[in-house]
Amino acid sequence: MSVKRHYDREFVRTFFTSPTAVDGEDDSAKMLRSAGQLRGLQAPDVWVPDNEDATAPNMREEGVENIIEVVAEQGAAFPGEIHPRVVWHRESPATRYQGFQQMLEITDPENGAVEHIDGFVIPEVGDIDDWKKADEFFTIIEHEHGLEEGSLSMSVIVESGEAELAMGDLREEMGKPSNNLERMFLLVDGEVDYTKDMRAMTPTGELPPWPELRHNTSRGASAAGLIAVDGPYDDIRDVEGYRERMKDNRAKGMTGIWSLTPGQVVEANTAPLPPKTGSWLLDVGGQEVELDAQDGKQVYDGDDLSLETDGEGGYVLQAGGDRLELDEDELTEELLDRTAYIPSMTDIVDSMEEFEAAKEAGKGAIAMTQAATLVIDGVEVEVSKDRMWDEATYQAAQTPITLFQDVYEHRPDQHEELAEMYGTDIVERATAVGN
């Protein structure tokens with residue numbers, strides 16, 4: 001039985017933070033105003049006016065004023081959700097009170113911003129009792145301003161061992177009459193402060209990758225019906241590293257990631273979506289190399305793998321220091337073991353529609369075939385593999401389509417770009433399949 005979600009969105013791809021007040025500028029809210037004007041794939045699913053780490057302490061009071069002004073002016077037109085980040089600390093009652101005051105001012109209906117505010121992000125939380133303190137402030141704010149109870153969502157940044165352990169208590173605590181933790185939305189990793197809290201060190205001073213934290217956050221979100229988001233990838237010029245991080249996260253069930261620039265927003269918005277075209281991968285020396293599609297064939301154009309015929313109906317495959325003498329069947333089997341296929345959006349939709357038709361006809365399982373002509377050093381080899389599709393396979397394949405449908409429903413500002421990416425026909429089919 002799946003966990004009931006208490007929020008409309010099932011997926012969040014992008015968590016984009018903006019300083020709320022920049023010192024020394026004629027307009028201290030210039031970065032907020034710029035972020036509030038983002039649209040389409042440059043606009044995040046969740047925009048976080050950041051009145052904590054991204055804003056200097058002496059500018060935070062002005063930051064609150066800027067949030068109110070910009071959100072009141074631009075919030076109605078902003079296509080994503082708006083969740084300001086306020087100050088908080090598990091060990092500082094004074095800081096927690098400051099955060100409460102910030103939220104109270106931002107949500108005052110007379111200021112005109114609250115109707116566009118979806119919730120708040122609470123950093124530096126501790127154990128589950130600390131989460132409850134924040135939740136109680138939310139409830140007080142809603143009561144004070146006449147807002148519907150639970151209308152403001154709460155997201156937390158996991159930046160300590162205490163917070164990491166608290167995720168294990170969340171499922172049991174949500175729904176108790178003594179709290180409103182059903183308002184929870186995002187669990188966001190904050191690896192920088194987490195590293196500090198854990199007293200972790202690396203020889204280069206760089207952050208550890210913390211795969212355990214990311215796994216635990218994804219698991220905690222799944223158990224409680226929430227959404228997991230990875231922390232910031234601060235090397236903003238390392239686009240390939242950002243992509244690899246997101247790829248690794250998705251294998252853990254963590255779709256969302258922090259974005260620091262509009263460029264990262266575009267990468268994070270598009271990376272989880274199914275690719276427009278499928279691609280074949282070949283394992284060469286332990287690395288997966290994408291083959292080049294040419295005239296319907298998949299061509300390997302590298303130096304680490306070679307293939308030739310032996311003149312007697314057999315083949316010689318050289319990979320690294322290994323020299324393999326193979327007959328046709330053995331070569332096919334060897335290459336099958338070395339290949340993998342990344343399905344396109346069309347491939348996934350075709351397969352799902354085919355299975356749905358088979359199920360409608362009373363079949364519980366069908367075989368799907370993937371075939372390709374591989375070309376290595378001019379030698380062509382036909383490979384094909386059958387995969388048995390049953391209901392479990394169908395549901396696993398449905399996840400990227402469910403993501404696409406969630407994006408399409410909640411981000412109409414991206415419809416035109418998605419149609420350009422995939423074509424109108426496949427977009428229509430993708431939004432209909434599985435429903």
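Nothing here was measured: the structure is a model prediction, and the numbers come from that model. All values below were derived from every heavy atom in this structure, side-chain atoms included, with hydrogens, water molecules and symmetry-related copies excluded.
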Exercise. Given E267, which of R13, R243, K247 fulfils the salt bridge (charged side-chain N to carboxylate O under 4.0 Å, His left out) condition?
Worked result: R243
Problem set entry | Closest approach of T95 to H89 (non-hydrogen atoms, all atoms of both residues) | CG2-N, 3.9 Å
Problem set entry | Student check: side-chain heavy atoms of V407 and R9 closer than 4.5 Å | yes
Exercise. Just by distance, with hydrogens left out, do D235 and Y242 show a side-chain donor and acceptor under 3.5 Å apart?
Worked result: no
Exercise. According to the interplanar angle, ranging from 0 to 90°, do the rings of F120 and F138 count as parallel (below 30°), tilted (30 to 60°) or perpendicular (above 60°)?
Worked result: perpendicular
For this session: Would you please name every residue forming a side chain to side chain donor-acceptor pair (under 3.5 Å) with T399, sequence neighbours left out?
Result: none
Problem set entry | Listed partners of Q101 passing side chain to side chain contact (heavy atoms under 4.5 Å, CB included), at least two apart | Y97, L104
Exercise. Taking the six-membered ring where the residue is Trp, are the ring centres of H83 and F185 under 6.0 Å apart?
Worked result: yes
Exercise. So, for Y300 and W280, is the gap between ring centers shorter than 6.0 Å?
Worked result: no
For this session: Check whether more than 12 heavy atoms from other residues, nucleotides or ligands sit under 6.0 Å from atom CG of D27, and answer yes or no.
Result: yes
Exercise. Do F16 and W47 make the cut of ring centroids closer than 6.0 angstrom?
Worked result: no
For this session: Determine the interplanar angle of the W258 and F15 rings, folded into 0 to 90°, and report it as parallel if under 30°, tilted if 30 to 60°, perpendicular if over 60°.
Result: perpendicular
Problem set entry | No-hydrogen, no-angle side-chain donor-acceptor test under 3.5 Å, T255 and N249 | no
Exercise. Under the side-chain hydrogen bond (donor to acceptor under 3.5 Å, both in side chains) rule, what pairs show up with a residue in residues 116-129, not counting sequence neighbours?
Worked result: R90-E124
For this session: Indicate the ring-plane relationship of W389 and Y394, choosing parallel, tilted or perpendicular according to the 30° and 60° boundaries.
Result: perpendicular
For this session: Please test S151 against R183 for side chain to side chain donor-acceptor pair (under 3.5 Å), starting from the C-alpha separation and ending with a verdict.
Result: CA-CA 8 Å; S151 60; R183 70 171 74 250; over 6 Å; no
